[in-house]
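Take a look at the structure set out below.
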Amino acid sequence: MIREITIGQYYPADSFIHRLDPRVKIVCTLLFLISLFIQNSLLGYLIATVFLAFVIHASKVPFKFIIKGLKAIILLLMFTVVMNLFLTKDGAVLVRFWIFQITEGGLKLSVFMAVRLIYLIIGSSLMTLTTTPNALTDGIESLLRPLNKFRVPVHEVAMIMSIALRFIPILLEETDKIMKAQIARGADLESGNILQRTKAMVPVLVPLFVSAFRRANDLALAMEARCYFGGEGRTKMKPLLYRRQDYLAYAFVAAYVVVAFVVGRFVPFHIWIF
Amino acid sequence: MEMIRASELVYEYEQRDDEGNVVGMNRALDEIELDVRPGQFVVILGHNGSGKSTLAKHMNAILVPTGGTMWVNGRDTKDPRELMNVRQSAGMVFQNPDNQIIGTVVEEDVGFGPENLGVPTEEIWRRVEDGLRAVGMIEYRAHSPNKLSGGQKQRVAIAGVIAMEPECIVLDEPTAMLDPDGRKEVLRTVQELRKRKNVTVILITHYMEEAIDADAIYVMEGGRVVMQGTPREIFGRVDELKRYRLDVPQVTMLAEELRRRGLDIPRGILRREELVEAICRLS
């Protein structure tokens, strides 16, 4: 099941988007998300669609792969659509049956909300699909560096994130090993209701935690032995440097946001109720 | 000047009961005397709990002595100002290959040490390449460490230490968790390094076979150095070694048995060829 979620997965390819500085991708994704929320018109969404289609094409990530990421939010999506559809009372009533009624405003809101959510997920998964987890943590570290002034341990948090990323596969493998070991001892991990199955996980989780702490201790020793004394005085093997293409990308996305905002807000263009 | 020198080194820690009250002192290391000269290959042998890993941790200032002194490259490990220098001089490779790799890509892991030392970026790249070449892992530089074998992971760990350009490498049971192939691979890498870079190597192990090429062997038991000498001297004392629960290499054992049955074979045979030669000379 874990494998089905594409959010947070990296799709290796060699494209313009892949080569961009991670900071550019993080900032631009945020800008795109903001652009979805500062306007609320058909034309604005059309522009967003064109922009997204262009970026997806440039990223060389197969469209199918991106769509897979939406599976994870289908429930949430349906929930929002249904709630907005039936609970918004705004404008003329379109359909009425029993105690339910769908109004013009409700239909408009639910459709726009659904589009917003879908674009939001596609936009952010595009970022993670085209950026290695390492580059992503580097980017976050670099962007959050100003917080150092407020005594936020930015370097440490980034280090923790990248170590976590390194140990996820190791701990997954270990979980698998422990599960098999417990099954071999007669543990039943698969039958029963949710409560029973959760209970059956205890003999898996306890050794997993013990081993995780042991690993953490070993790793801390190994890091100290290699002269790790925290972020101060460290140099970088792969420092982040803005290149021409990164400025171009910034300019392009900024232009998109301005156009989407101005056109979406001020150009009157309506089809039916939208 | 000695690369590593210990004088009357003592390490004690408090022994606590279940409630955390101190019930006594445990002496993990007891009056250790150690002299390692630059370029030497020194093996420290010992059974589990003999204190050999504790001693190793002193060479990197992860632990500092509670009594006596430990000098690494002329620097007292107790001095906190020398911490960075001590750790840079004596690089350390640990037992578990998974738990000492920090980077998510091989080359980034090798670069971790130099990054900590504040080495400029271009110099880091040069050192990473140099380190990976020295252990023969250059073609894996862009791989994820998770997909490597145990022996390969240990070689990456060794490269990570070399990239810090230490004068001395301390290997704390680097082969204990590896299969026989991985063990050979790591030992071969260490031997090649010694030849090419002329670094001092201190190998901590409980496999006797790994000690055959050593310049000096220290045998530890109960926190003390109980035997000390060249491989030939040490391996000649089979009974004593057995008392310290160490397995003597098969060839040495066979030679010893033959000698006891009255054949004229010298003590301390280390290699199969030596035994063959000694037997041929008999008739």
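Throughout, protein chains are lettered first and strands after them, A, B, ... in sequence-line order, and every chain is numbered starting at 1.
For a heavy-atom cut-off of 4.5 Å, chain A lies close to no residue in residues 41-52 of chain B. Along residues 25-34 of chain A, no residue comes nearer than 4.5 angstrom to chain B, judged on non-hydrogen atoms.
Contacts between N60(B) and chain A at a heavy-atom distance below 4.5 Å involve the side chain alone, from C-beta outward. For a residue to count as touching a neighbouring chain, one of its non-hydrogen atoms must lie under 4.5 Å from one of that chain's; by this rule F112(B) touches chain A with backbone and side chain alike. Looking at F229(A), the atoms closer than 4.5 Å to chain B (heavy atoms on both sides) all sit in the side chain, from C-beta outward. With a 4.5 angstrom heavy-atom cutoff, I102(B) touches chain A via backbone and side-chain atoms both. Both the backbone and the side chain of E108(B) come within contact range of chain A, each with at least one heavy atom under 4.5 Å from a heavy atom of that chain.
The number of heavy-atom neighbours closer than 6.0 Å to CD of E156(A), taken from other residues, nucleotides and ligands shown, is above 12.
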Legend entry - Stepwise ring-ring contact (aromatic ring centres under 6.0 Å, His included) test for F252(A) and F54(A): CA-CA 12 Å; F252(A) 178 69; F54(A) 177 76; 5.4 Å; yes
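Residues that satisfy the side-chain hydrogen bond (donor to acceptor under 3.5 Å, both in side chains) test with Q191(B), not counting sequence neighbours, are R194(B). Remark: E14(B) engages R16(B), V22(B), M25(B) in a side chain to side chain contact (heavy atoms under 4.5 Å, CB included) (not counting sequence neighbours).
Between the side chain of Q154(B) and the backbone N or O of G151(B), no donor-acceptor pair lies under 3.5 Å.
The aromatic rings of Y10(A) and H18(A) stand perpendicular to each other, their planes meeting at an angle above 60°, with 30° marking the opposite boundary.
Stacking of R215(A) on the aromatic ring of F167(A) is not recorded, the 6.0 Å distance cut-off and the 45° axial limit not both being met.
Looking only at atom types and distance, the side chain of T205(B) has a donor-acceptor partner in the side chain of E210(B) under 3.5 Å away.
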